[in-house]
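Below you'll find the structure, written out as structure tokens, and then a few comments.
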There are 2 protein chains.
Amino acid sequence: MKLITRNTDYALRAICYIAKSKKKVVSVNELVASLKMPRPFLRKILQRLNREGILRSLKGANGGFALHTTAEKIFLTDLIGIFQGALKLNECFFKRKICPNKSKCNLKKIISGIEADVFKKLKKVSIRSLLD
Amino acid sequence: MKLITRNTDYALRAICYIAKSKKKVVSVNELVASLKMPRPFLRKILQRLNREGILRSLKGANGGFALHTTAEKIFLTDLIGIFQGALKLNECFFKRKICPNKSKCNLKKIISGIEADVFKKLKKVSIRSLLD
DNA sequence: GACAAATGATACTATTGTAGTATCATTATA
DNA sequence: TATAATGATACTACAATAGTATCATTTGTC
Ligand code: FES
Ligand code: FES
């Protein structure tokens, strides 16, 4: 079971790199050279981050990607939300229908509690806090 | 992201059913009729649980499955371990090699903490505690 | 002993989610 | 206008999950 998939992880590294960079705007070329990630995959990820408002992009020569906001305001939960969908540890499988048990199910209560807890912790993790 | 996959979930329900049943030994027929799960899939799961020492099986007419131990001694983490492998939320993707950063990586520390916490909570959940 | 009712073992298929590629269009700078 | 960048989109590859199908073996009952 993975809490963080590869695209989230790559996104994280790329954003951290950009945040640490002297230059505001960083090209995919530079990112690929430094982070050793597959270029087309990384491009897809960065384009997505641009669409989602985490990064902003500049086209044309000398173009690249920059933070749209600051490292303090980007959270791990944002990235997980984008690339992995809402965190849902919890889902009743009972015949794939809405479960008649839902309200009294013990398991659901337990898992929901864990989920809330995990989310609370992840929500505190900003890019800034990962930069050392 | 799923904390509990379908085979773990089915295993859980089946074990609970057997634990609640008046009869010690319950046949797949009865389980399928009551729990409405796909029969061959459930069989595969039960056979696995037998091999893993959670259930014991009785072959031949009037055969079926019974708990190998008591409901107090079977934990959610056992089932997750069997069907989903060791819980590892955490794994550095850096070029798939062992990461040189491992010791100082902030992200790793955070995720490891969360993992330990989740595991601690799941470890407390016995089948008994799910029976109402 | 024959038959029926059960599980054991094993190999196969289907679906989904993740990971990654390929290509062409568009934009900005020099 | 050539070039260096991103935008958009469609496609392929791989792995994990979910499920099926079949035949062999064991056991109780008539
Ligand atoms: S059995 Fe449906 S939510 Fe638990
Ligand atoms: S970067 Fe390798 S463990 Fe975090």
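None of the values given here were measured: they were computed from a predicted structure. In what follows, every heavy atom counts, from backbone to side chain, and hydrogens, waters and symmetry copies are set aside. Chain letters run A, B, ... following the sequence lines, proteins first and then strands; every chain starts at 1.
Of the candidate nucleotides dA6(C), dG19(D), dA5(D), dA6(C) has the atom lying nearest to any side-chain atom of N29(B). Nearest to the side-chain atoms of R51(B) among the listed nucleotides dG8(C), dG20(C), dA9(C) stands dA9(C). Set against dG8(C), dT17(D), dG19(D), the side chain of T5(B) has dT17(D) as its closest nucleotide. Comparing dT29(C), dT20(D), dT7(C) by their closest approach to the side chain of V28(B) singles out dT7(C). In the set dG19(D), dG20(C), dT7(C), the nucleotide with an atom closest to the side chain of Y10(B) is dG19(D). For K44(A), the listed nucleotide lying nearest its side chain is dA10(D); candidates were dA5(C), dG7(D), dA10(D).
Of the candidates I114(B), I110(B), V118(B), K121(A) forms a side-chain contact (heavy atoms from CB on, under 4.5 Å) with just one, namely I114(B). Here the options are I4(B), L49(B), D9(B), the test is side-chain contact (heavy atoms from CB on, under 4.5 Å), and the partner is F83(B); only L49(B) passes.
No hydrogens or angles were tested; on distance alone, a donor-acceptor pair under 3.5 Å links the side chain of R43(A) to the base of dG7(D). In the interface, the side chain of K59(B) is not paired with the base of dG8(C) through any donor and acceptor atom under 3.5 Å apart.
Put simply, CZ on R56(B) is 12 Å from P on dG8(C), counting in whole angstrom units. Taking atom CZ of R48(B) as the reference point, atom P of dG19(D) lies 17 Å away to the nearest angstrom. In this structure, the CG atom of L58(B) is 12 Å from the C1' atom of dG28(D), given to the nearest Å. Going from atom CZ of R13(A) over to atom P of dA19(C) covers 13 Å, rounded to whole Å. The interatomic distance linking N50(B) (CG) with dT10(C) (P) rounds to 14 Å, in whole Å. If you take CD of E52(A) and C1' of dG7(D), they are 15 Å apart, rounded to a whole angstrom. Remark: P of dA5(D) and CD of Q47(A) are 15 Å apart, rounded to the nearest angstrom. As a whole-Å value, the separation of K2(A) NZ from dA15(D) P is 11 Å.
Contact check, N7(B) against dT17(D): no side-chain N or O comes under 4.0 Å of OP1 or OP2. For the OP1/OP2 pair of dA5(D) and a distance below 4.0 Å, the side-chain nitrogens and oxygens of S57(A) include no atom meeting the criterion. A sub-4.0 Å separation between OP1 or OP2 of dT20(D) and a side-chain N or O of R39(B) is absent.
Between the S129(B) side chain and the V125(B) main chain, no donor and acceptor come within less than 3.5 Å of each other. Although no hydrogens or angles enter the test, the distance criterion places a donor-acceptor pair under 3.5 Å between the side chain of Q84(B) and the main chain of L3(B).
Positionally, the nearest nucleotide of DNA chain C for F41(A) lies more toward the 5' end than for the other of N62(A) and F41(A).
Using a 4.0 Å heavy-atom criterion, one finds that L46(B) contacts no nucleic acid atom at all.
Under the 4.5 Å side-chain criterion, counting only non-hydrogen atoms from C-beta, I127(A) is not in contact with L67(A). Residues I82(B) and T8(B) form no side-chain contact, since every pair of their non-hydrogen atoms from C-beta on lies 4.5 Å or further apart.
Sequence neighbours left out, the pairs with a member in residues 27-66 of chain A that pass ring-ring contact (aromatic ring centres under 6.0 Å, His included) are Y10(A)-F41(A).
Only S27(A), listed by number, bring a heavy atom of residues 15-27 of chain A to less than 4.0 angstrom from any atom of DNA chain D.
In this structure E30(B) satisfies the side chain to side chain contact (heavy atoms under 4.5 Å, CB included) test together with Y17(B), K23(B), V26(B), S27(B), S34(B), sequence neighbours excluded.
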